[in-house]
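To start, the structure itself, in structure tokens.
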Amino acid sequence: MATVALFCLSRSLAHAGRTLAAARVLADAGHRAVLHGAPGQLEALVEDDEPVVVVDEPSLDAVLASARGRRVPVPPAQALPALIAADRAALRACQAELVVVDNRRSAGLAAESLGLPWISLTGGLLLGPHSAVAPPAAAVARVVGPVVGVPADHMRRTGRLAQLADTDPVAPQARPLPPALAQALAAAGARPRRHVHELCLGDRTLVLDAPALLPTRDLPPGVVQPGPWLVGMGTAPPLAAPRGPRVWLTAGATGDPSLVPRLAQGLVRWGVEVVVSGAGAAAAAGPGVRVLPLIQLDTLLPTVDLVICHGGAGTVHHARAHGCRVLALPTHLEQAMVGLALEATGTGRTIAAPTARLLPAAALGMATALLSSPAPPPLAVDRMAAPRALTAAVDALLSPSPRALPASPSPRTAP
């Protein structure tokens, strides 16, 4: 058995929950699981008798303090070396033999620099051209434009969208790795990359998206798509059976909390029961609105007709697994693509968060239209597929004679 270090994004409850679930699987298999990341989040989730170790790592601001200078935020080329150095120190301190990374690129690069094998838990949308999500040009302009701060009509008339018809698919592109980041990788001793999406590819990579919603294509060796890891967190909600339509409204950790109170009150005026949680929930409290803390979604969602959220893949997968309609209010590109995938499958709608702030009536109109539409069938999810894939990846990398890995462009260098 081995010491496995697990790293997740800071400040993300969803990633903390998924990483803790992975640590439990590894601990049950006899490994020593050491958790890093999400200060304050992991401590709230880990129970007293957990067979895992939680490292109280410094906050992201503390790690970046030496690189900050007069510029806030720190440019990626300056931040990455500091983050890699901190993660290298953590790996040395816990004497890791293998590393599991949940969308925390610096930890994977730190593992490579120390010659340690690592497993990436990621989503297909972060794999660039390996993502098969290709929404029509008009939809991309309508949703992605406002998310990135560009008016929809301007985005439609410029760049490569100007060469496409409204219905032409917009396939994801491979973005070249900026020279400054390439230099940071070389300085750390990580293997070189040509494109940004390659930062998400470990020695083994698990794509935790449902293929029916967020498909991938031409996956390279060592990459598999077992589907979503639906994590149970929180407590059962103290809610009676609904007497009419019920909506769960959440901004998650990365959505726009300013939309929550306005949408909640607008739905109440339409006779809808509203349950809110997460950022912005307290400001939405009032008649017809229940504010709840961390909720056990597998108990809540069977009672819900519509989920209004930021478009996070984890939230959307959980909602669709229970057959809920979804209205996505994305604030960044990945969430926008999740929302557009919902539209393509006919199981939801999406309106960019900046557009919803300007036109709240449009968002409410989409919500009421979804409530009056037939409920889509639940998304088929094998809940044990991701844990099985993780266990198989760990066994392969720890085996004395592991299966052949993709050849690196150049050998790794140990410090």
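Expressed to the nearest 0.5 Å, how far CG of Leu91 lies from OG1 of Thr3 amounts to 11.5 Å. Note: Arg18 CZ to Leu9 CG = 9.0 Å, rounded to the nearest 0.5 Å. Atom CG of Leu80 and atom CG of Leu199 lie 7.5 Å apart (nearest 0.5 Å). Taken from CG in Leu127 to OG1 in Thr205, the straight-line distance is 7.0 Å, to the nearest 0.5 Å. Residue Arg104 holds its CZ atom at 12.0 Å from NE2 of His15, rounded to the nearest 0.5 Å. In this structure, Asp305 CG and Ser372 OG are separated by 11.5 Å, a value rounded to the nearest 0.5 Å.
No donor-acceptor pair closer than 3.5 Å links the side chain of Asp395 to the backbone N or O of Ala392. Using modelled atom types, one side-chain atom of Thr331 and one backbone atom of Thr254 make a donor-acceptor pair closer than 3.5 Å. The main-chain N or O of Leu45 is never found under 3.5 Å from a side-chain atom of Glu47 such that the two would form a donor-acceptor pair. The main-chain N or O of Leu109 is never found under 3.5 Å from a side-chain atom of Arg88 such that the two would form a donor-acceptor pair. No side-chain donor-acceptor contact under 3.5 Å links His36 to the backbone of Cys8. Arg290 places no side-chain N or O within donor-acceptor distance of the main-chain N or O of Gly288, the cut-off being under 3.5 Å. Of the possible polar contacts, none joining the Thr303 side chain to the Thr299 backbone as a donor-acceptor pair under 3.5 Å is found. Here the side chain of Thr368 pairs a donor or acceptor atom with the backbone of Gly365 at under 3.5 angstrom. Side-chain atoms of Gln163 never come within 3.5 Å of backbone atoms of Arg160 as a donor-acceptor pair (strictly under, hydrogens ignored).
Within the 4.5 Å cutoff, the side chain of Pro172 has no heavy atoms near those of the Pro129 side chain. For the pair Arg320 and Pro376, the minimum side-chain heavy-atom distance is below 4.5 Å. The shortest distance between side-chain heavy atoms of Leu177 and His195 does not fall below 4.5 Å. Counting heavy atoms from C-beta outward, Val338 and Leu125 have side chains that approach closer than 4.5 Å. Considering only heavy atoms from C-beta on, Val144 comes within 4.5 Å of Leu333 through its side chain. No side-chain heavy atom of His197 sits less than 4.5 Å from a side-chain heavy atom of Leu126. In this structure, Asp102 and Leu6 have side chains that are not in contact, with every pair of non-hydrogen atoms separated by 4.5 Å or more. Within the 4.5 Å cutoff, the side chain of Val100 has heavy atoms near those of the Leu26 side chain.
For Arg175, the CZ atom is loosely surrounded, since the number of other residues' heavy atoms within 6.0 Å does not exceed 12.
No salt bridge links Arg325 with Glu343; every basic N to acidic carboxylate O contact stays at or beyond 4.0 Å.
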Under 3.5 Å donor-acceptor pairs involving side-chain atoms of residues 219-245, not counting sequence neighbours:
from   : atom 1 : to     : atom 2 : distance (Å)
Gln225 : OE1    : Thr216 : OG1    : 2.5
Gln225 : NE2    : Asp209 : O      : 3.1
Gln225 : NE2    : Leu214 : O      : 3.1

Which pairs of donor and acceptor atoms, one on a side chain in residues 349-360, lie under 3.5 Å apart (sequence neighbours left out)?
from   : atom 1 : to     : atom 2 : distance (Å)
Thr350 : OG1    : Ala328 : O      : 3.3
Arg357 : NH1    : Asp256 : OD2    : 2.3

List, one per line, each side-chain donor-acceptor pair under 3.5 Å for residues 264-283, sequence neighbours excluded.
from   : atom 1 : to     : atom 2 : distance (Å)
Gln265 : NE2    : Ala284 : O      : 3.3
Glu273 : OE1    : Arg246 : NE     : 3.3
Glu273 : OE1    : Arg246 : NH2    : 3.3
Glu273 : OE2    : Arg246 : NE     : 3.2
Glu273 : OE2    : Arg246 : NH2    : 3.0
Ser277 : OG     : Trp248 : NE1    : 2.9

For residues 146-155, please give each side-chain donor-acceptor pair under 3.5 Å, one per line with the distance, not counting sequence neighbours.
none

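Contact between Gly255 and His310 at its shortest, heavy atoms only, is CA-CB, 3.6 Å. Listed here is the closest heavy atom pair of Ala171 and Gln173: O-NE2, 3.2 Å. Contact detail for Leu306 and Leu370: the closest heavy-atom pair is CD1-CD1, 3.8 Å. Of all heavy-atom pairs between Pro378 and His322, the closest is CB-C, 4.3 Å. Looking at every heavy atom in both residues, Ile308 comes nearest to Ala367 through CD1-CB, 4.1 Å. Here the closest non-hydrogen pair linking Val170 and Ala137 is CG2-CA, 3.6 Å.
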Show your working on side chain to side chain contact (heavy atoms under 4.5 Å, CB included) between Val55 and Leu35 and close with a plain yes or no. CA-CA 6 Å; Val55 175; Leu35 285 155; over 6 Å; no

Before giving the answer on salt bridge (charged side-chain N to carboxylate O under 4.0 Å, His left out), spell out for Arg191 and Asp203 the whole-Å C-alpha distance, their side-chain angles and the decisive distance to 0.1 Å. CA-CA 11 Å; Arg191 64 175 179 251; Asp203 296 315; 3.6 Å; yes

Side chain to side chain contact (heavy atoms under 4.5 Å, CB included) evaluation trace for Thr19 with Phe7: CA-CA 7 Å; Thr19 307; Phe7 291 80; over 6 Å; no

Checking Arg105 against Val196 for the side chain to side chain contact (heavy atoms under 4.5 Å, CB included) test, could you report, in this order, the C-alpha distance in whole Å, the side-chain angles of both residues, the deciding distance, and whether it holds? CA-CA 11 Å; Arg105 294 169 173 173; Val196 172; 4.0 Å; yes

Could you walk me through whether Arg383 and Asp298 pass salt bridge (charged side-chain N to carboxylate O under 4.0 Å, His left out), step by step? CA-CA 12 Å; Arg383 290 177 177 249; Asp298 287 322; 2.8 Å; yes

I would like to know whether Val99 and Ile119 meet side chain to side chain contact (heavy atoms under 4.5 Å, CB included); could you show each step before the answer? CA-CA 6 Å; Val99 185; Ile119 298 168; over 6 Å; no

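The ring pair (Phe, Tyr, Trp, His ring centres under 6.0 Å) search around His31 returns none, not counting sequence neighbours. Contacts of Glu50 classified as side-chain hydrogen bond (donor to acceptor under 3.5 Å, both in side chains), with partners at least two apart in sequence or in another chain: Arg24.
For the 3.5 Å distance criterion, the side chains of Ser120 and Arg204 fail to qualify, holding no donor opposite an acceptor.
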